[in-house]
Amino acid sequence: MAEIYVLGGGTPTPTEFRFGSAHAMKIGDEVLMFDCGPAATHKLVKAGLYPTMVDNLFFTHHHFDHNIDYPCFLLCRWDQAAGEGQELNVYGPTLTEEITQKVIGVGGAFESDWQARVNHPYSQQVFVNRGGTLPRIPPAPKATDVGPGEVASGKNWQVTAAPAIHVQPYLDSLAYRVDTPEGSVIFTGDTEPCDSVRELARDADMMVCMCWDEQSVMEDNNEHRGQCGTTGAAQMAQDSGVKKLVLVHMGPSLSKDAPFDQHFEDMAPFYDGQIIFSEELMKIKV
Ligand SMILES: [Zn+2]
């Protein structure tokens with residue numbers, strides 16, 4: 001069975017119920033993670049998953065609402081693994097390798113943390129009590145900058161990327177497609193409706209799409225470029241022939257409109273499929 005988990009369902013604006021972006025997809029006993037926004041590591045555990053279950057992490061882009069919990073995730077996963085399991089594979093657009101090195105490499109911001117855990121006898125004792133065998137090996141995630149095309153594959157999944165349109169040329173953005181025997185899921189990341197994502201999403205079972213606000217409000221505020229809103233997301237899902245549209249990355253103004261009756265009505269003329277306005281920690285079957 002394949003299912004997705006909305007870990008972070010918000011934006012850079014913190015609210016009581018949403019903050020930042022992060023998603024997981026469970027395929028059999030494997031967990032893929034998409035983005036690592038604020039408190040993603042904690043929300044992963046709240047969702048019933050665990051950092052050591054994740055061997056592959058994909059970044060859509062490097063805005064803080066999508067990557068700020070990366071240091072926490074890397075250190076926590078390494079610490080909790082106690083030397084077991086494989087190194088983490090990390091994929092993302094330009095800057096993924098550089099940020100990884102600057103966070104956790106030799107000379108990186110958190111080197112002092114892992115040096116202390118590797119070398120101090122008190123920390124070594126905790127490690128041994130957790131099941132580890134000395135000497136302790138420093139964290140060594142395998143980060144790779146990737147572009148459009150096939151990115152990675154596993155036992156029952158294959159991930160393909162396509163360019164998304166957000167805040168180029170300052171940051172590159174990618175959308176991802178995960179193909180599994182139980183269905184296909186698109187993680188749009190932050191993007192405006194665009195042909196490359198439409199093409200990537202062709203006939204997918206689920207599109208997990210950003211939705212900043214009501215489309216007409218975004219157009220009135222001139223905030224409709226580089227982002228999807230309600231009817232923009234609906235039209236893109238329709239154009240791609242996607243069966244289910246899961247809205248995430250919802251801004252504070254849109255989030256207040258729960259249970260979203262008016263928005264369902266506004267979107268219905270644009271999209272035939274099922275629409276889900278997601279909440280954080282929601283689990284949705286593909
Ligand atoms: Zn964002």
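The first residue in the sequence is number 1, and the count goes up from there. We count ligands from 1, going down the list as the structure has it; atoms in each ligand are counted the same way.
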Next on the checklist: Can you confirm whether or not the ring centre of Phe34 sits under 6.0 Å from the ring centre of Tyr176?
Outcome noted: yes
Checklist entry - Are His66 and His249 an aromatic pair by the rule of ring centers under 6.0 Å? => result yes
Atom name, [X] (N, O or S, nearest to the Zn ion (ligand 1)):
X	answer
His66	NE2
Asp190	OD2
Asp65	OD2

Pair [X] + [Y], salt bridge at N-O below 4.0 Å:
X	Y	answer
Asp29	Lys155	yes
Arg130	Asp79	yes
Glu30	Lys26	no

Item to check | Under 2.8 Å: N/O/S of His166 next to the Zn ion (ligand 1) | outcome: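 Checking His166: none of its N, O or S atoms is under 2.8 Å.
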Next on the checklist: Between His61 and the Zn ion (ligand 1), is there a contact where an N/O/S atom of the residue lies under 2.8 Å from the metal?
Outcome noted: no
